[in-house]
Structures are given as structure tokens and as C-alpha cells.
Protein chains: 2
Amino acid sequence: MRRVVHPPADQITLATVLSALGDPIRLEIVKVLGDGQEHLQPDFVVPVGQSTLSHHMKTLRDAGVVLSRPEGTRCFVSLRPELEQKFPGLLDAVLRSTRPSAVERARADGGERRA
Amino acid sequence: MRRVVHPPADQITLATVLSALGDPIRLEIVKVLGDGQEHLQPDFVVPVGQSTLSHHMKTLRDAGVVLSRPEGTRCFVSLRPELEQKFPGLLDAVLRSTRPSAVERARADGGERRA
DNA sequence: TCCTTTAATCGATAATCGTCGATGATAGAT
DNA sequence: ATCTATCATCGACGATTATCGATTAAAGGA
């Protein structure tokens, strides 16, 4: 796998992180990574081509959101742990926000009786 | 003051909110609004012209982050309360992240003895 | 050595964004 | 009726971004 670079933790900025997260495709990627596991590109089911997905990955990597670990011909991706130190609770709040809330689930149910 | 429009709460999306917050100027605006009070444009000290500031305000408004309340010739701006219902804890996490953490303050102190 | 796989990079294109100065709209004051 | 203050809108510009298909790099397997 090709060489990939990560920014040092001290030059990760909030604006850049939020900007990186402010895209539906990248939000979906982060949502998948939210399980704390490492993932490969095929794990992210997004409606874009491979090169575009790779580009989004670079955006997240450059922003300091994800970590890319090349191994053999593959590249394992995970959430970058330093993010929690720098911006405590931020990623959690974002991940919680990607899940429908109780009131939204109720609204989606409409008037249905519970099964 | 001219008529301003706000999106209905149910069409505020996470990606759009994060994208709106992912800019240093707008982050500064939100930081000022973090005191929970209403503010006028002159309260935001940002290195851009008036028309650009107004444009950023529109971006935040369209994303559902802020509320604009025209009164007379002025326009009071505040954080939009529905945001907390939709994405609980998100704005708080962002606002906390705009403030330097304890470890960062210690680092900035360098080896200095405390006064 | 050649083939396959995975993912980064390149070059191109269209769309979006941040910025500015100028103008316009609205309300209040003189 | 005019002037002034506040802020939204307009038109233009350059910069950045999202996207694609094609290519390249690196490693593994045949």
C-alpha cells in the first residue's frame, strides 16, 4: 500500500474537524467507524466511486479524524484516539446525533400500536 | 430590516449543521452566541467585511444553527433552541471544544511557576 | 515473472464557497 | 422629505471541493 501521512495531534483544529464531518458521505464513514473497530474501504457503503471514497478518506485523515494503517495490500481505517483528548465528547455527540432519537422514532411510527 | 427566512426544524440535517460550524469565522460567531444572549452584528469581531459577515449569518441561519430576529433597523441573533432537541449535547460539545482544555493551558504555560 | 488485489494519485470538470465593494431595503431620527 | 444606521442582496472573482475514469504503487499469489 502507498505511504499515507497523518497530521501531528497538536495541529488538529476544531474547524477542520467539523468541516470534515460536515458531509453526508464522510459522516456515513465515521458512523461505521463508530463501532471502534478497524474497517476497510469495502465496509463503507456509499454512493461514490472508489477514487472518490479514497479522497474522502484523505480528507478525514488530513483533518485528524481517522487513522489509516496500511498492511499488505490493504489499509485499515479507524477513528483517531487523540480526537477524544483534544475535543472531549465531540465525536460521541456527533455519533449520537447520527442515530434517530426516541422522539423521532415515535414520530416515524405514526399512530401505530406497538407490535 | 429585510425579511429573513428560517428552515423548519424537521429539515435541519446534521451534515449541514456540522458544515456550517466548520469554518473559523462562523465558529467565532457561535462562540459569542454561546452565552445564550441575543447579539447584533457588531458584537462579532471577525476579520471580514460587513457583507461577508452577513453571508456567514445566512449560512448559519439556513443550517438551522441561529435565529435572526429583526427589530426596527437592527437584527438580533441567537442560537436556535430547537438544535438542542434535534442533536442533544452537540452544540455544548462544540462550544467546550472552542475553549482551551486544562492540559492545553498547562502546555501554554510552559515551565512557568504559577504566579 | 506475471497476474491480481487494494487503495492512493493524477488530470479534468462542474459546482460550491469565501470574499469584496456596491447597492437596496427598512426603520428611525431630524 | 431627507438623512442615517443596520443589515440583506447582487454581481464578480478566485479558491476550494466533489466527482469521475484512468493510472500507478505496493504487496501477495500463481
Side-chain angles (χ1 to χ4, degrees), chain A residues 1-7 13-30 32-33 37-78 80, chain B residues 1-7 13-30 32-33 37-78 80:
Chain A
M1 196 42 48
R2 238 143 169 174
R3 160 181 194 68
V4 291
V5 292
H6 296 86
T13 74
L14 179 59
T16 306
V17 167
L18 292 175
S19 180
L21 295 176
D23 175 277
I25 303 285
R26 292 191 293 263
L27 218 37
E28 174 61 30
I29 294 173
V30 169
V32 171
L33 294 175
Q37 301 300 120
E38 287 186 318
H39 288 272
L40 300 171
Q41 285 199 10
D43 292 345
F44 311 111
V45 287
V46 287
V48 294
Q50 182 269 322
S51 65
T52 301
L53 175 55
S54 188
H55 164 72
H56 282 301
M57 218 53 93
K58 175 175 167 58
T59 301
L60 287 169
R61 195 168 47 232
D62 290 350
V65 176
V66 307
L67 210 65
S68 294
R69 184 175 67 83
E71 182 176 303
T73 147
R74 297 173 299 173
C75 188
F76 291 96
V77 183
S78 57
R80 190 162 165 177
Chain B
M1 197 43 47
R2 235 144 172 174
R3 160 181 195 69
V4 290
V5 292
H6 296 85
T13 74
L14 180 58
T16 308
V17 167
L18 292 175
S19 180
L21 295 175
D23 175 277
I25 304 286
R26 293 192 291 264
L27 218 36
E28 174 61 30
I29 294 173
V30 168
V32 171
L33 294 174
Q37 300 301 119
E38 288 187 318
H39 288 272
L40 300 172
Q41 285 200 7
D43 292 346
F44 311 110
V45 288
V46 287
V48 293
Q50 181 269 321
S51 64
T52 301
L53 175 55
S54 188
H55 165 71
H56 282 301
M57 217 55 90
K58 175 175 168 56
T59 301
L60 287 169
R61 195 167 49 231
D62 290 350
V65 176
V66 306
L67 211 65
S68 294
R69 184 174 66 83
E71 183 177 300
T73 146
R74 296 174 300 174
C75 188
F76 292 96
V77 182
S78 57
R80 191 162 164 176

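Excluded from the calculations below are hydrogen atoms, water molecules and symmetry mates; all remaining heavy atoms, backbone and side chain alike, are included. Letters A, B, ... are given to chains in the order of the sequence lines, protein chains preceding strands, and every chain is numbered from 1.
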Just checking B:Leu53: base, sugar-phosphate only, or nothing, at a heavy-atom cut-off of under 4.0 Å?
nothing
With heavy atoms under 4.0 Å as the rule, sort A:Pro70 into base, sugar-phosphate or nothing.
nothing
Hey, are the side chains of A:Arg69 and A:Ser78 touching, using non-hydrogen atoms and a 4.5 Å cut-off?
no
Rounded interatomic separation in angstrom, taking CZ from B:Arg69 and P from D:dA8:
14 Å
Between D:dT6 (P) and B:Met57 (CE): distance, integer Å:
14 Å
For nucleotides 17-30 of chain C, 5' to 3', base contacts (B), sugar-phosphate-only contacts (S) and non-contacts (-) with protein non-hydrogen atoms under 4.0 Å give -SBBBB-BSSS---
Tell me the closest heavy-atom pair linking A:Met57 and A:Val77, and the distance in Å.
SD-CG1, 4.1 Å
With heavy-atom distances below 4.5 Å as the criterion, would you say the side chains of B:Arg80 and B:Pro7 are in contact?
yes
Atom NZ of A:Lys58 to atom P of C:dT6: distance rounded to whole Å?
23 Å
Rounded to the Å, how far apart are B:Leu60 CG and D:dC7 P?
15 Å
Can you confirm whether B:Arg2 sits close enough to B:Val4 that some side-chain heavy atom of one is under 4.5 Å from a side-chain heavy atom of the other?
no
For A:His39 and C:dA7, give me the distance from atom NE2 to atom C1', rounded to whole Å.
17 Å
Do any side-chain atoms of residues 14-24 of chain B form donor-acceptor pairs under 3.5 angstrom with protein atoms, and if so which ones, sequence neighbours left out?
residue	atom	partner	partner atom	Å
B:Thr16	OG1	B:Thr13	OG1	2.6
B:Asp23	OD1	B:Ile25	N	2.9
B:Asp23	OD1	B:Arg26	N	3.1

In whole angstroms, how far is the C1' atom of D:dT9 from the CG atom of B:Asp62?
13 Å
With a 4.5 Å limit on heavy-atom distance, are the side chains of B:His56 and B:Phe44 in contact?
no
Taking atom P of D:dA27 as reference, at what distance in whole Å does atom CZ of A:Phe76 sit?
15 Å
